Structure formats: structure tokens, C-alpha cells
Colleague: 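Submitted below is the structure of interest, expressed as C-alpha cells.
For the single chain, residues carry numbers from 1 onward in sequence order. All figures in this text were calculated on a predicted structure; none of them were measured in a lab.
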Amino acid sequence: MRSRLRRLVLGATALFTAASALPAAAAPSQGRAEQHPSRDGLSAVIRYTEYGIPHILAKSYADLGFGTGWAQASDEVCTLADGFVTLRGERSRYFGAGAAAGGALSGARTNLASDLYFRGVRETRTVEKLLAEPAPVGPSREVRDMMRGWAAGYNAWLKQKKITDPACADASWVRPVTELDVAARGLAIASISGEGRFVDTITAAQPPTGAGTASGTPSSRPAARTPDAKAVAKAADELWGDPGMGSNAVAFRGDTTANGSGLLLGNPHYPWQGGRRFWQSQQTIPGELNVSGGSLLGTPAISIGFNSHVAWSHTVSTGIPANFHQLTLDPADPMTYLVDGEPERMKKRTVTVAVKDGAPVTRTQWWTRYGPVVTSLNSQVPLPWTGTTAYALHDPNAANLRFADTSLGFGKARSTEDVLASLDRHQGIPWVNTIAADRAGHSLYTQSQVLPRITDELAQRCSTALGRTTYPASGIAILDGSRGDCALGTDPDAVTPGIFGPARMPTLQDAPYVENSNGTAWMTNADRPITGYERVFGTVKTELGLRTRGGIEDVAAMADRGRLTVRDLQRQQFANRVPAGDLTAADVTRACAALPGGTATGSDGKAVDVSEACGVLTAWDRTMDTGSRGALLFDRFWRKLEQAVPPAELWKVPFSAADPVRTPNTLNTDAPGFAVALANAVAELRAAGIALDAPLGAHQFVVRGGERLPMPGGSGRLGVWNVLEPQWNAAAGGYTEVPFGSSHLQAVGWDGSRCPVARTLLTYSQSSNPESPHHADQTRLFSGEKWVTSRFCEKDILSSPKLEVVRVHERR
């Protein structure tokens, strides 16, 4: 248990409290901030307030990392330890080679594939080499100290505390970690949308059967046919359009708000279980850093958050973070490729993995100057390695350890300009946009991310026959790897070769609002569209998703109304409006009522009485509130409609780039699939014993500690802002678990005081441990659409009725 040290609060924290109350100009010097408060090693003071939120107080970056590592271990030790097993390439050793890898740190389907990849990263000393690079290419001294401190804090918790989480209590795989492990986790997160998605094919790619050696015996395999370009483009679109990560965010300019300060609402959509969860804290080094927000597990810095002057959030972008190079192989040796006619031997990476209850497994991977050889986009779309051709994946984020420094720069920022400055200096954001607002009333959107430097000119000049289809269709570049003049090149303001510099990033400053719901940068603000960027960043003048359309409608109306406050942001988060319903419900009910005899034929050929559904949908309030009747019926109908009707036939009024927010519209109820989808939805609910007008929350719920909690919100495919993607299990009562959806919510503004006005909510709660009192407390708040009032300033922290103070330190 956490010790209640109320009597020691002043004694333990007086120096910190006094210093943190000072303005920046009167703050302690950098030298004083680097002193350690304990003679026997690293230490920190952790003040816990309501819902187990830790406020970590330290005198140096190493001490801050120590307190963060300790506090994260306290809440998430089993999840963290599982991730470190992954990074060490030891999942097969402990859990079996064929078991599912979990997907938190890569897209590997099996433990064996995961281990082969991550042991390869470890054995080639990739992380050590990046750590040795001087900043900004490598991490700064502050971030190195935080990583070192995080590892020490995690280890100290393991040494001093007993694990109560049944997921890993007494498990031999829970072991101490090092700075290298923490850095490796940061690298895995950075590359999770590039190399991380291709782990299976990286570790499985092998030369063609009968391939000869360098001495010259040619392959006996005939050349495979060229992959179908349209299939490759579709697979690529699905690959990087994966809904496994998403988000909404909006920032408002000061002239739209009640007091002239900016406002920010962040609503990231992330997994509710596993190693991609957010974890909430405040980090303070008096006079040096004071920031609150959410961190991705295992990382030492705040990923999204706010301070006294600025707030920011991220949304997964449309940028394509990797590209392919088609290799021309030496006819005598398919492990040698040609560049400008000169042979270059692939690098052979041989990795051995220990396996539980079995012999070790050894496999070989093949790497080129561009990156690893891959042989598919997915299981349906091969990229064959033949006697003459192979494909290599290039992911610049596989050498990106700059994310933490970029985030730390945000934490120190005093304005949106400072946020941009951190992005420009460190260039470490891997696969997300940044949206920010500040106390002075400025707003910011920027797609400043690490992307391969694929210009439209380069793609036009160097795309292979396959790439000439995939690049315009999906942004996936497939370049001719045999030509030296097709190298990615260098922007003069880029920190490393082969990526875009800051000047090329789609950016919009000081618009009345900036909004992103994982759509293209083009429609960040409907009145100020962004154009002129390269195709690899995303599209221009193309159809928007329903969540983007609904988000722009909502926030544009809010900006026009003006006088906005944090309370307006809170209302937007839980409005639970269904744009798909607003667009189509009236058409659906009219077409439903016109069906002969009130019946429709399902996909199984059986007639279904749908007359009751017509009335239910007519009465539906077009929200996904837990008490909404008809929401579940519409949700199941819409999903089946998208399956039954091709996108080109769904709407009567097509998309127009001149009116992108309001088109396409008018549901095509004449499409044959319409009645089929309605019949299927009605039949499905009746077969499950679910009334067509059942309130949503009765069948969209999670169970925590035996308590059934109704869940508000809905699928992004319906356009709902408050995204929830639960799993359908009719036999168990409906939507019975939430693997993904709204996660670390924050609504932030400023008033005349020195303290930000902030409301937060960690939807799945702070701890994965079912024995923790903070396993489901914020999930109950989410169920009731309630928020946590942030305690940022010292007076608010120390006045918390739930205050618990813990001084943590190393024991040597």
C-alpha cells in the first residue's frame, strides 16, 4: 500500500513546493535542478490524488525518470514486463513460439516472428548506435537521464514491492531492465507503422528455391508474374488505414473563446488493453519543467498533455511512413542486387531464438542499403522474391529515437510557436499530426512527421511499373532500386538524410479552429484548405470520412457561435452525435416504410418482418448515448449496409470537392443491398434476443470486477466523435468488450489564474491490475460521461482529499 505521509508532506516537499511556486525567471538554476535529493541514489516524491493520478516531483531529469518508472511499474508492471520480453526477443522462450505475439509493439502474428525481428535489432546494436549519436539525431542528455532514471525506478519497484497482479505474479519473465530496454521500446513505438507492420514478412523472406551462391549457380525458380497493381494499392490502403490507432483533436483560436485564450480538446483512440495504453501523470522539476498528461507505457516523457501555457494532442496522420525499393538482382545470385550496374551483396542477419519446450530456432533475414527484404504486403498480396527481382522496405523511423525529445520540448513550451520549434529541431514525431492551442489564443495544426522523402517528382521519375499505380492511388512509393539517381535525397533543413525537412510540412497556424479526425491535412479548416504538399503526406480534394465531416460540422458551428469554454469541449466529447444517422435516417425510415408488406429478404433468402424497425429508427434520437433506443439497430444496419453496397453505389449525390463536408449525400435506398442489410440487422438482433428498441447501454458494455458498465459512444464508421469499437458477441449479450476507442481525453483552456483549466479522463483507468483500486474507477466515470478535474497547481494537489505522498528512492 502507498504510505500516507501527510505529516511529512511539508518536510519532504517544502523545497520543491516553494521552487515550483516561483515564476520561471526566479526559478532555481540548472545546476541546482541537477542535484539529487538523496545521497544513496536516485529519488523522487510522488503525490497521488484522486483516481491514482501521480504528481511526480524531482530535482533532476534522472530523478524524474526514476519516479516515473516507479509509478508506472506500480500500475502496469505486468504489461510493461511483457513488453520488455518482446523487446529482448524472448517471447518464444517463455510463452511458446506459435502463440500470438499480442501486437503491442509490432504487427507480428506469432511469438517466433516477433522474437526473430527484435533479437535481430538487439544483436545488430541498432539502439546503441542511435544512443551514441549527438543530439538532435540522437537523444539529448536530459532524455538519456530520463531513460536511465526510468529503468532504475522500474527496477527499484521490482526490488522493493510485491507484484499483486495475477497476470505476472511470481513470473520468471519479470526482470530488471536497462536504459537500453527503455530506448528500444521508444524505437519500437516509432517504427510500429513501418517495419513493425512487416515483421512477419521481414523474418520469413527467403531467396527463391534453388537459389545459388555467389559463385554463380542460377535459381531454378521461374520468374513470378508481376503483382497486380490494383490489389497492391488496395492492400496498402488497408494496411495504413488500419483502425488500430486513430484520434480526434481540435484547437480553437482566442477570438472564438469566452476569454481570448485558446482551447484544446484531445480525443485519441487507442487500444484499451496491452502495451499501447496511455498512462496519466504530472512531471515537475521546479523551475525547469511542469507538465501533465498521458504517456505511452514504457516511455519517460509526456506524449500528449498541457502545462501552464500550452496544450497539445496528436492524431494518427494520413502520411505513409515507409516505402519500397524494387531490386534488380544479379541473374547469377539472387542475394546480390545491382545499383547503377554495380553489384551489392545483401547483408545476412542470422538470428537464433530460444523456444519453450523445444530446440532453438535459427532463421536468416536479408537486409539491403534500403532496409529489409520483404515478400508481401499481406497474406493476399505477394511481392515475390524471384531470380531477377526482390523488394526492400525503407522505414526512416527505424532509426528515429527523437520522439521523446520532441515531446519533452512540448512539455517546456510556452506557446504554439515553441511547439513548432520543438518539431523543427528534433523532427521526431513518427506517424501523427500535432494540434495545439496556447494561453495567448493561438491555434496550430501541423503534419510534422518523419516520412521518407518521396516527392511527387521523384515518384514520377523513379516509380516502377507497379509504383506508377500504387503511388497516386495510396501514397505507397515503389521506386527503382537499381538507379542511384532514385535515392531519396536530403532537404537542407532535415536532421537526417532521406526525410522531409520542416519547410515541407503541411501546417496551419491561427485559424479560428483546426480539426483533425485522421483525415487528410487538406480539410483541417473548411475555410482555409491546405494544399501544395506531396502525395505521400495524403490527398487533396478527395472524399472525407464521416468522422472528419461530422467533426468539421460540429467545431465550425462551435467557432461561429463563439464564447467557447472548456465546458463546451466537454459537451462535444460526449455529444455522441451520429453523422451517418443525420445523413440517412430519414431516408432509411421512408424506404423502410415503403417495403411491400413491411418485409425484406435477408442474405439467406428468408423474408424478415422489418416493420417494427421502421418505427424504431423514426423515433431514434440519432445519438450513441447509453440510453438511446434505436442506436444499436442503426449501428448493426450500417455495418451490414457497407458490406452489401459498394461505396460507389451508396449515395445518390456524389462527392464534390467544391462541397467536401456535405457530399456525398442522400442514401441510395434503391440499391439492392439496402433491403438486405436491413433484413440482416433485424434478424441478427432478434436471433440474439435483443429488442430492436433496446437502449444502447444494455448491450454495449464492459464488465469490470463483476460490474456491468454501459459504454457511450460508437464506431468511427458512423462518424461518431467519441469513438468506441467494441466486439460483437450476440451470444454474450451484444458488444461485450472494448479493445479500442477513446482513451486519454483532455479538455484544456486558461483563465486569469496561473493554473490551466483542465478536465481529463483516462477511459480504461490507470491500472491493468484487477486488484488495484484504480483498475476501473475512471471507466465508471466514462460510463457516466463524467470528467476528472485536473490538479495541476501545488495548492490544488496539496488540497486533494485523496492525497497520498510517497518518497521513493534507490536502495544500494
Colleague: Testing the 3.5 Å rule here: is there a donor-acceptor pair between the side chains of Tyr391 and Thr464?
Modeller: no

Colleague: Between Arg453 and Asp491 (salt bridge meaning N to carboxylate O under 4.0 Å), is one present in this structure?
Modeller: yes

Colleague: Just by distance, with hydrogens left out, do Gln280 and Thr760 show a side-chain donor and acceptor under 3.5 Å apart?
Modeller: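 A donor-acceptor contact under 3.5 Å links the two side chains.
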
Colleague: Between the side chains of Thr201 and Thr375, is a donor N or O closer than 3.5 angstrom to an acceptor N or O?
Modeller: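 Yes - a donor-acceptor pair under 3.5 Å links their side chains.
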
Colleague: Under 6.0 Å between ring centres: does that hold for Phe198 and Phe324?
Modeller: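 Close enough - the centres of the two rings lie under 6.0 Å apart.
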
Colleague: Do His269 and Ser247 get their side chains close enough for a donor-acceptor pair, meaning under 3.5 Å?
Modeller: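 Side-chain D/A pair, His269 to Ser247: absent.
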
Colleague: Do Thr455 and Glu534 meet the criterion of a side-chain donor-acceptor pair at a distance under 3.5 Å?
Modeller: no

Colleague: For the aromatic rings, using the six-membered ring if either is Trp, is the centroid distance between Phe740 and Tyr270 under 6.0 Å?
Modeller: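 They do not qualify: ring centres at least 6.0 Å apart.
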
Colleague: Under a plain distance cut-off of 3.5 Å, with no hydrogens placed, do Glu344 and Tyr337 share a side-chain donor-acceptor pair?
Modeller: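 Their side chains do contain a donor-acceptor pair, which is all the 3.5 Å distance test asks for.
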
Colleague: Show your working on side chain to side chain donor-acceptor pair (under 3.5 Å) between Gln283 and Thr68 and close with a plain yes or no.
Modeller: CA-CA 8 Å; Gln283 296 182 324; Thr68 303; 3.1 Å; yes

Colleague: If you count the non-hydrogen atoms of other residues, nucleotides and ligands that lie under 6.0 Å from CZ in Arg528, is the total more than 12?
Modeller: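 For Arg528, atom CZ is crowded (more than 12 foreign heavy atoms under 6.0 Å).
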
Colleague: Inspect the contact between Arg461 and Glu457 and indicate whether a charged nitrogen and a carboxylate oxygen are less than 4.0 angstrom apart.
Modeller: yes

Colleague: Going through the checks in order, is the salt bridge (Lys or Arg N to Asp or Glu O under 4.0 Å) test met by Asp395 and Arg197?
Modeller: CA-CA 11 Å; Asp395 174 16; Arg197 289 187 184 267; over 6 Å; no

Colleague: Classify the side-chain pair Asn248/Ser517 by whether it contains a donor and acceptor separated by less than 3.5 Å.
Modeller: yes

Colleague: Could you tell me whether Asp145 and Arg141 make a salt bridge, using a distance below 4.0 angstrom between a side-chain N and a carboxylate O?
Modeller: yes

Colleague: Tell me yes or no: between the side chains of Ser742 and Asn267, is some donor less than 3.5 Å from an acceptor?
Modeller: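 Side chains of Ser742 and Asn267: pair found under 3.5 Å.
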
Colleague: Pairing donors with acceptors under 3.5 angstrom, does anything connect the side chains of Asp456 and Tyr471?
Modeller: yes

Colleague: State, yes or no, whether a side-chain contact exists between Arg414 and Val310 at a heavy-atom distance under 4.5 Å.
Modeller: no

Colleague: About how many Å separate OG1 of Thr434 and CG of Leu444, when rounded to the nearest 0.5 Å?
Modeller: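 Taking CG in Leu444 and OG1 in Thr434, the distance rounds to 7.5 Å.
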
Colleague: Quick one, Trp431 with Val316, criterion side-chain contact (heavy atoms from CB on, under 4.5 Å). Give me CA distance, side-chain angles, the key distance, then yes/no.
Modeller: CA-CA 6 Å; Trp431 30 261; Val316 177; 4.3 Å; yes

Colleague: Mind checking side-chain hydrogen bond (donor to acceptor under 3.5 Å, both in side chains) for Arg425 and listing every partner two or more places apart, or none if nothing turns up?
Modeller: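 Partners of Arg425 under the side-chain hydrogen bond (donor to acceptor under 3.5 Å, both in side chains) test: none.
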
Colleague: Between the side chains of Arg109 and Asp200, is the shortest nitrogen-to-carboxylate-oxygen separation below 4.0 Å, so that they form an ion pair?
Modeller: yes

Colleague: Decide whether Tyr445 and Gln509 meet the rule of one side-chain donor and one side-chain acceptor closer than 3.5 Å.
Modeller: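 On atom types as modelled, these side chains do not qualify, holding no pair under 3.5 Å.
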
Colleague: Taking the ring of Phe84 and the ring of Tyr154, is the distance between their centroids below 6.0 Å?
Modeller: yes

Colleague: Show your reasoning for whether salt bridge (Lys or Arg N to Asp or Glu O under 4.0 Å) applies to Asp82 and Arg91.
Modeller: CA-CA 8 Å; Asp82 182 87; Arg91 299 193 65 83; 3.1 Å; yes

Colleague: Between Arg402 and Asp405, is the closest basic N to carboxylate O distance under 4.0 Å?
Modeller: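 No, no charged N to carboxylate O under 4.0 Å.
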
Colleague: I'd like to know if the side chain of Thr315 pairs up with that of Asn433 as donor and acceptor (distance under 3.5 Å, no hydrogens or angles considered).
Modeller: yes

Colleague: Looking only at the side chains, is there a donor atom on one of Asn290 and Asn307 sitting less than 3.5 Å from an acceptor on the other?
Modeller: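 No donor-acceptor contact under 3.5 Å links the two side chains.
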
Colleague: Salt bridge check, Lys412 against Glu288: does any charged N sit closer than 4.0 Å to a carboxylate O?
Modeller: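 Salt bridge flag = yes for Lys412 with Glu288.
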
Colleague: When rounded to the nearest 0.5 angstrom, what distance separates CG in Leu420 from OG in Ser415?
Modeller: 9.0 Å

Colleague: Within a strict 4.5 Å, meaning less than it, do heavy atoms of the Phe306 and Gln746 side chains meet?
Modeller: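 The answer is yes, as the side chains (C-beta and beyond) meet within the 4.5 Å cut-off.
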
